[in-house]
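For reference, the structure discussed in these notes is given below.
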Amino acid sequence: QVRLVQSGGGLVQAGGSLRLSCAASGHTPSIDTMGWFRQAPGKEREFVSAIRWSDSTTDYAESLKGRFVISRDNAKNTVYLQMNSLKPEDTAVYYCAAMTSPLIVEVTTNYYYWGQGTQVTVSS
């Protein structure tokens, strides 16, 4: 059993930055990969970024490379998403998730545990 608790998010003007946090507790040794996804109203949940817990390998949605950075703090069992140069189209509910098997990181259904989600709103 793994619990993911998110923090951060909020309202920011276009061009600004936010950092999201996701703290894992419970049986954290079972985590293979932690990822970030987002879902805008009326749209499907989409992949944002992921980091493999064992070797720190990172993956990003192609359109977000250079603006978003994923990182981790192993001692705190926490993953972060630093979001820079935010645009109104980044507005969405952002979710962190944990994968317990080494599967394709971009696939939503490969993640077993999910955080509660946090709203990010970018104003123009």
Side-chain angles (χ1 to χ4, degrees):
Q1 182 79 276
V2 174
R3 185 187 181 200
L4 304 178
V5 179
Q6 299 179 222
S7 60
L11 176 64
V12 65
Q13 289 186 315
S17 299
L18 285 174
R19 189 178 75 161
L20 306 181
S21 299
C22 178
S25 61
H27 192 227
T28 55
S30 67
I31 298 174
D32 180 90
T33 300
M34 293 188 68
W36 289 96
F37 293 79
R38 66 185 185 184
Q39 187 167 22
K43 296 185 177 181
E44 295 183 350
R45 192 166 299 184
E46 65 174 342
F47 172 75
V48 173
S49 184
I51 183 167
R52 297 186 190 275
W53 212 247
S54 60
D55 62 6
S56 300
T57 300
T58 58
D59 293 275
Y60 296 91
E62 188 66 30
S63 63
L64 300 178
K65 289 182 178 179
R67 291 200 298 123
F68 288 13
V69 180
I70 190 170
S71 62
R72 66 177 182 179
D73 185 332
N74 289 359
K76 297 180 179 179
N77 289 318
T78 299
V79 65
Y80 305 94
L81 183 68
Q82 178 67 43
M83 304 183 293
N84 302 313
S85 301
L86 284 163
K87 305 174 181 179
E89 51 263 45
D90 295 319
T91 295
V93 176
Y94 284 71
Y95 298 89
C96 68
M99 179 188 299
T100 56
S101 298
L103 304 173
I104 298 173
V105 299
E106 296 88 353
V107 178
T108 304
T109 54
N110 286 341
Y111 292 80
Y112 193 84
Y113 299 100
W114 290 85
Q116 78 276 21
T118 185
Q119 178 71 45
V120 172
T121 301
V122 183
S123 62
S124 58

- request: Take atom CD1 of I104 as the centre, draw a 6.0 Å sphere, and report whether it contains more than 12 heavy atoms from other residues, nucleotides or ligands.
  value: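 No, the 6.0 Å shell around CD1 holds no more than 12 heavy atoms from other groups.
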Consider only side-chain heavy atoms of I, L, V, M, F, W and Y, link residues closer than 4.5 Å, and tell whether [X] and [Y] are in one cluster.
X    : Y    : answer
V48  : Y80  : no
V105 : L103 : yes
V122 : V93  : no
Y112 : V2   : yes

- request: Check the pair V79 / W36 against side chain to side chain contact (heavy atoms under 4.5 Å, CB included), numbers first and verdict last.
  value: CA-CA 9 Å; V79 65; W36 289 96; 3.9 Å; yes
Point-to-point distance, once rounded to the nearest 0.5 Å, from [atom1] of [X] to [atom2] of [Y]:
X    : Y   : atom1 : atom2 : result
R67  : L86 : CZ    : CG    : 6.5 Å
I51  : S56 : CD1   : OG    : 5.0 Å
E46  : L64 : CD    : CG    : 7.0 Å
Q1   : S25 : CD    : OG    : 9.0 Å
C22  : Q6  : SG    : CD    : 5.5 Å
S123 : L11 : OG    : CG    : 5.0 Å

At their closest point, which heavy atom of [X] faces which heavy atom of [Y], and how far apart are they?
X    : Y    : value
V120 : G9   : CG2-CA, 4.0 Å
L81  : S49  : CD1-CB, 4.3 Å
D59  : F47  : O-CZ, 3.8 Å
D90  : S85  : OD2-O, 4.4 Å
A92  : Q119 : O-NE2, 3.5 Å
S21  : T78  : CB-CG2, 4.4 Å

- request: With side chain to side chain contact (heavy atoms under 4.5 Å, CB included) as the test, would you mind laying out the steps for V12 and M83 before giving the verdict?
  value: CA-CA 11 Å; V12 65; M83 304 183 293; over 6 Å; no
task: Verify whether one side chain among S17 and N84 offers a donor that lies under 3.5 Å from an acceptor in the other.
output: yes
message: Students often mix this up, so state it plainly: with edges at 30° and 60°, are the rings of Y111 and F37 parallel, tilted or perpendicular?
response: perpendicular
task: Find out whether T100 and Y113 are in side-chain contact, i.e. whether some heavy atom of one side chain is under 4.5 Å from a heavy atom of the other.
output: yes
- prompt: Less than 4.5 Å apart, any side-chain heavy atom of I70 and any of M34?
  reply: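 Side chain of I70 against side chain of M34, heavy atoms only: no contact under 4.5 Å found.
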message: Would T108 and W114 count as a side chain to side chain contact (heavy atoms under 4.5 Å, CB included) here? Give the steps.
response: CA-CA 10 Å; T108 304; W114 290 85; 3.5 Å; yes
